[in-house]
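Position 1 is the first residue of the sequence; numbering continues from there. Just so it is clear, the structure is predicted and the values come from calculations on it, not from any experiment.
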Amino acid sequence: MRTLTVLLLTGGPGGGKTEAAAWLKKKLEEEGFGVVAVPEAATELLLAGLDWRNSMENSDFQKAQLELGLFREELYKQYASKLYNPNVIMLCDRGVLDGSGFIEPELFARTLQEKGLDRNELLKRYDAVFHLETAGRNNDNFYTLKNNKARIETASEAAAEDEVLVQTYKDHPYHVVIHSQKDVEAKFEHLLDEVNQFLAKKGVHPLPSGQSF
């Protein structure tokens, strides 16, 4: 039986989402899953020059991010089903509702309305949501701008955006917050443990060791 499980990694800037996605992909592949990682749409747009901070309206940027996120998720989902491994995990570095953390709530709601999208339906795109808390929330000394060229937020700004995203996804039936830690490896290990607990509860298991596709 073929399964596709969609997991969302979200959280404020500096939570380690991109690094966690790469680390988690490797670990899950070692366990025997097929894994497809969907990269963050916002970073791609910013690095391409579509930058709400100096060259365009934030409302237009969020529309572009939403459209790119939806397109990517559907494309990756379509071709994830073509993998030889019948048990596939799709890891999303940010979700299509993440824009709510970076624009006024009424403007984001208007964007969804203009696109004919329903917030509750968008939540259903993900089987589970794992929120990686930003280092700016509790450990300001460990918050950095060095590992992401597109990041400009101060620690306090990152913490505020982190809280908005907690509220954005809190109504998802499987929403887990992975709190910030000084030891990043320990944070990632906590994430892996929570992911494996979710997969076990849902009865999603990798192929037995040595079994071919």
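The pair Arg125-Glu73 meets the salt-bridge criterion, with a side-chain N (NZ, NE, NH1 or NH2) lying under 4.0 Å from an Asp/Glu carboxylate O. With salt bridges taken as basic N to acidic carboxylate O contacts below 4.0 Å, one links Glu121 and Lys124. We find that Glu106 and Arg110 are not joined by a salt bridge, their nearest charged nitrogen and carboxylate oxygen being 4.0 Å or further apart.
A pairwise comparison of heavy atoms in Leu165 and Gly12 identifies CD1-N, 4.0 Å as the closest pair. Taking each heavy atom of Asp98 and Gly11 in turn, the nearest pair found is OD2-N, 4.3 Å. When all heavy atoms of Gly32 and Asn85 are compared, the pair lying nearest together is O-ND2, 2.9 Å. Scanning both residues, Arg2 and Ala80, for their nearest heavy atoms gives NH1-O, 4.4 Å. Considering every non-hydrogen atom in both Ser100 and Thr168, the closest pair reads OG-OG1, 2.7 Å. Contact record, Phe108 with Ile103: CB-CG2, 3.6 Å, taken as the closest heavy-atom pair.
Under a hydrophobic clustering in which Ile, Leu, Val, Met, Phe, Trp and Tyr are joined whenever their side-chain heavy atoms come within less than 4.5 Å, directly or via other members, Val164 and Val176 fall into different clusters. Under a hydrophobic clustering in which Ile, Leu, Val, Met, Phe, Trp and Tyr are joined whenever their side-chain heavy atoms come within less than 4.5 Å, directly or via other members, Leu97 and Tyr126 fall into the same cluster. When the side chains of ILVMFWY residues are joined at heavy-atom separations under 4.5 Å, either directly or via intervening members, Leu9 and Leu192 end up in a single hydrophobic cluster. There is no path of hydrophobic side-chain contacts, each under 4.5 Å, that joins Leu7 to Val96. No continuous path of ILVMFWY side-chain contacts below 4.5 Å connects Val177 to Leu123, so the two sit in separate hydrophobic clusters.
The number of heavy-atom neighbours closer than 6.0 Å to CD of Gln78, taken from other residues, nucleotides and ligands shown, is above 12.
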Checking side chain to side chain contact (heavy atoms under 4.5 Å, CB included) for the pair Leu46/Leu50: CA distance, chi angles, key distance, verdict? CA-CA 5 Å; Leu46 290 169; Leu50 297 172; over 6 Å; no

Full working for side chain to side chain contact (heavy atoms under 4.5 Å, CB included) between Leu191 and Phe130: CA-CA 8 Å; Leu191 171 63; Phe130 297 92; 3.8 Å; yes

Could you please spell out the steps behind the side chain to side chain contact (heavy atoms under 4.5 Å, CB included) verdict for Val6 and Cys92? CA-CA 7 Å; Val6 183; Cys92 299; 3.9 Å; yes

For side chain to side chain contact (heavy atoms under 4.5 Å, CB included), just list the numbers for Phe188 and Leu24, CA-CA rounded to whole Å, side-chain angles, deciding distance to a tenth of an Å, and then say yes or no. CA-CA 8 Å; Phe188 290 176; Leu24 187 59; over 6 Å; no

Working for salt bridge (Lys or Arg N to Asp or Glu O under 4.0 Å), residues Lys27 and Glu31: CA-CA 6 Å; Lys27 293 294 183 179; Glu31 291 180 8; over 6 Å; no

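Contact annotation: the side chain of Leu112 approaches that of Leu66 to within less than 4.5 Å [non-hydrogen atoms, C-beta and beyond]. Annotation: side chain of Val36 is not in contact with side chain of Leu91 (no heavy-atom distance under 4.5 Å). At a threshold of 4.5 Å between non-hydrogen side-chain atoms, the residues Glu19 and Val184 do not count as touching. Residues Gln65 and Leu45 have side chains in contact (heavy-atom distance under 4.5 Å, counting atoms from C-beta outward). Contact check for Leu199 versus Ile89: side-chain heavy atoms found under the 4.5 Å cut-off. Counting heavy atoms from C-beta on, the side chains of Thr5 and Phe198 come closer than 4.5 Å. Side-chain contact between Thr10 and Tyr169: present, with at least one pair of heavy atoms (C-beta onward) separated by less than 4.5 Å.
Take Val166 and apply the side-chain contact (heavy atoms from CB on, under 4.5 Å) test, not counting sequence neighbours, and it matches His131, Arg137, Asp162, Glu163, His175. With sequence neighbours excluded, the residues forming a salt bridge (charged side-chain N to carboxylate O under 4.0 Å, His left out) with Glu114 are Lys63, listed by chain and number. Checked against side-chain hydrogen bond (donor to acceptor under 3.5 Å, both in side chains), Glu57 has no partners two or more places apart in sequence or in another chain.
In this structure, NZ on Lys202 lies 8.5 Å from OH on Tyr174, to the nearest 0.5 angstrom. Atom NZ in Lys26 sits 11.5 Å away from atom CG in Leu28 (nearest 0.5 Å). To the nearest 0.5 Å, atom NZ of residue Lys170 and atom NE2 of residue His172 are 13.5 Å apart. Atoms CH2 and CZ, from Trp52 and Phe102 in turn, are 8.5 Å apart once rounded to the nearest 0.5 Å. Atoms CG and NZ, on Leu122 and Lys115 in that order, are 12.5 Å from each other to the nearest 0.5 Å. In this structure, CG in Leu8 is found 10.5 Å from CG in Asp127, a value given to the nearest 0.5 Å.
Panel note: side chain Lys187, backbone Ala20; no donor-acceptor pair is recorded below 3.5 Å. At least one donor-acceptor pair under 3.5 Å links the side chain of Glu133 to the backbone N or O of Ser180. A donor-acceptor distance shorter than 3.5 angstrom exists from the side chain of Asn87 to the backbone of His205, with no hydrogens or angles considered. The main-chain N or O of Gly69 is never found under 3.5 Å from a side-chain atom of Arg94 such that the two would form a donor-acceptor pair.
For the residue pair Asp93 and Thr18, a side-chain donor N or O sits within less than 3.5 Å of a side-chain acceptor on the partner. Between the side chains of Glu40 and Thr43, at least one donor N or O lies within less than 3.5 Å of an accepting N or O.
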